[in-house]
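Quick notes on the structure that follows.
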Amino acid sequence: MCEDTDTTRTLNHGFLRDHNYVTEADIISTVEFNHTGELLATGDKGGRVVIFQREPECKTEPYSQGEYNVYSTFQSHEPEFDYLKSLEIEEKINKIRWLPQQNAAHFLLSTNDKTIKLWKVSERDKRPEGYNLKDEEGRIKDLSTVTSLQVPVLKPMDLMVEVSPRRVFANAHTYHVNSISVNSDHETYMSADDLRINLWHLGITDRSFNIVDIKPVNMEDLTEVITAAEFHPHHCNLLVYSSSKGTLRLCDMREAALCDKHSKLFEEPEDPSNRSFFSEIISSVSDVKFSHSGRYLLTRDYLTAKVWDLNMENKPLEIYQVHDYLRSKLCSLYENDCIFDKFECAWNGSDSVIMTGAYNNFFRMFDRNTKRDVTLEASRESSKPRAVLKPRRVCQGGKRRKDDISVDSLDFTKKILHTAWHPTENIIAIAATNNLYIFQDKFN
Amino acid sequence: MFPKGTKRKFSDSGDEPAAGDEDVNQPSSVAVRMLSSYSLQRQSLLDMSLIKLQLCHMLVEPNLCRSVLIANTVRQIQEEMTQDGTWQIMTQALSAANAAAQCSADRLVATEVLCRQTEGGVTMSTVSPQAPTSYLPGTFGMDPCWEEENGEDEEEDEDSEECGSGSEEGDSDRLVEDSRTAEQVFGTFEIKNPAPSPDPALEELFSDVDASYYDLDTVLTGMQSAPKMGPYDLLESLSSHGPSPLSSSTSCRSDLNELDHIMEIIVGS
């Protein structure tokens, strides 16, 4: 994983749409593996969800083992119109979260700005044949032709994946939903918008509890919004939410019904030497993720990724510079709005490596133990099967190696906002605008 | 001597001339230049932020997080300018300009200054390159946001989505150029070349717009003897007619809202 490759990062499979132009509706807006890693779901701006399934490993063809293929596609959300405010509600899927699997079917939650839906994904590979009253096409038989009775039997059929909406959780959010998180109790989940967090029961759609509300009495006093929220992976009473001011708040639902008072506040004191008018904007946390162990938090702000220890509130444990060369370009990035881009971050299965995206279709990985990092690119050039990804480098003037990219030639329209890491293996999914790349580590 | 290493870092040019490069015999001119360069940059940032807050997409709700961050930036600049005393100068000059313009039709056109591009190269214009005579729907974009129709759960509506292409660089340049002196600092809000005589219909529409909603800062800081201007007061001062009754402006605003919306659909922008 580090730059002198004793492991190689190969392309497993890329789902590259053949468009030369980017259809707005095809832009991938979220990527999520399920709890086993067998399924990978993506949501896009057009409200569609595409689920990929990993093929079971095949001993005879070692190189094609474990590839992801399209399993199911469905339209999750449609565009809506809010007649009261005369505003459109976008169908863009903001987040997808899988429920832990409890039976043969798979369940996932998908949300747009206002409505969360629970979808059931199930397989059908058998169908009953041999009805007495109906013939093969389903037409009612003429009873006079029926001379004997038979018991219908289940015969195998081509695999069919059925997706059906099981619950619709609507009308609970005035502001845009930015996060959903399934609780470890497998019964409840939370949805967070800019100012409020609601707690739902998966079985009840007409009611939700408000557990966090930071809306000021007078909206003109508003200076801070919620940017992301997540439940603790093991403790069903703990949740964390991040704000646009760069703070994290850990809340314990046992303390009070309304968790406006935090149990812990994680905030890094501001560095006065680095202060500028953009300090607050770049400190806004765009994503927060608990580690699999539940001991650490990973946060992403505009220029850095930080690892926090839940036991230490006054500063992060580790700070990783994702693209510090942009620090001198903040004014331009403010002008073209790139400074408001929200990058996500991810842990690997063992919590030893963190990953996040950047511009120019670059994404970065940081090994917490060896302190080494690598920059890789998700692009068509490296999309040949089994092509090894070459580490990239951004140079800021000074010595320039071959293949280095200078800061000024970075393409800021190519941003990797959404990334996901397989829960146990070294397989990653990278969304680059409208293309999905899946990379896999193969040890030589 | 101006301290080396200004405590605020700014832009991508990033290179304020090192004092050492200059003629050491004229430290004060270097200091002045550095100071005014910083002021220019700060002013340009302020203008850019106000533009961002103004522009919005009519049909889709603006991003609240982005609006809040931009508003906070504006507030921060304002605080610093208040400490420097620059803010006082600017607000005094703006009030003076307003007083002078009380009786002229220019102030009506001034409301459109923020959102329209006229031939004279008005500063602080939007990125929309349309001809000035066409009524640009949705450009007077504060309307749907400031509607008081449902009291609670109203989003903070500094609508900040940009309308079109990112051609703000040109505008910022012009803003920077214009802001040479204190007088010209607020010149960015004035029309350089008066627009062609405004549409009487438009005049009518805008005639009793009450901009006191924009008075965010007075709420925050309380009214003081010399009225302090907040981020939205700047906008108010351009369109101010003095406060008008709330109800008439609300209904006017809802009409505008509808009209904007319909125009937007027709024009298909």
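Here is how names work: the chains are called A, B, and so on, in the same order as the sequence lines, proteins then strands, and each is numbered from 1.
In this structure, SG on C331(A) lies 4.5 Å from CE on M48(B), to the nearest 0.5 angstrom. One distance of note links CD of Q76(B) with OG of S276(A); it measures 8.0 Å at 0.5 Å rounding. Distance check, rounded to the nearest 0.5 Å: OG of S49(B) to CD of E335(A) gives 10.5 Å.
Atom CG of D411(A) has more than 12 heavy atoms from other residues, nucleotides or ligands within 6.0 Å. By the neighbour-count criterion of 12 heavy atoms within 6.0 Å, atom CZ of F209(A) is sparsely surrounded, having that number or fewer from other residues, nucleotides or ligands. Applying the 6.0 Å contact sphere to NZ of K245(A) captures more than 12 heavy atoms from other residues, nucleotides or ligands.
Considering every non-hydrogen atom in both C65(B) and T227(A), the closest pair reads SG-CG2, 4.1 Å. Nearest heavy-atom pair across F277(A) and T73(B) is O-CG2, 3.8 Å. For L69(B) against S244(A), the heavy-atom pair with the smallest separation is CD2-O, 3.8 Å. Closest approach of L222(A) and R75(B) over heavy atoms only: O-NH1, 4.4 Å.
With L64(B) as the partner, the side-chain contact (heavy atoms from CB on, under 4.5 Å) test is satisfied by one option alone out of D194(A), D193(A), N178(A): D194(A).
For L195(A), the part lying under 4.5 angstrom from a heavy atom of chain B is the side chain only.
In this structure T115(A) satisfies the side-chain hydrogen bond (donor to acceptor under 3.5 Å, both in side chains) test with no other residue, sequence neighbours excluded. Partners of E280(A) by side-chain hydrogen bond (donor to acceptor under 3.5 Å, both in side chains), not counting sequence neighbours, listed by chain and number: N72(B).
A cation-pi arrangement is absent between K52(B) and F340(A), since the terminal nitrogen or guanidinium carbon is not both under 6.0 Å from the aromatic centre and inside a 45° cone about the axis.
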Could you walk me through whether I281(A) and I70(B) pass the side-chain contact (heavy atoms from CB on, under 4.5 Å) test, one step at a time? CA-CA 8 Å; I281(A) 300 179; I70(B) 297 174; 5.6 Å; no

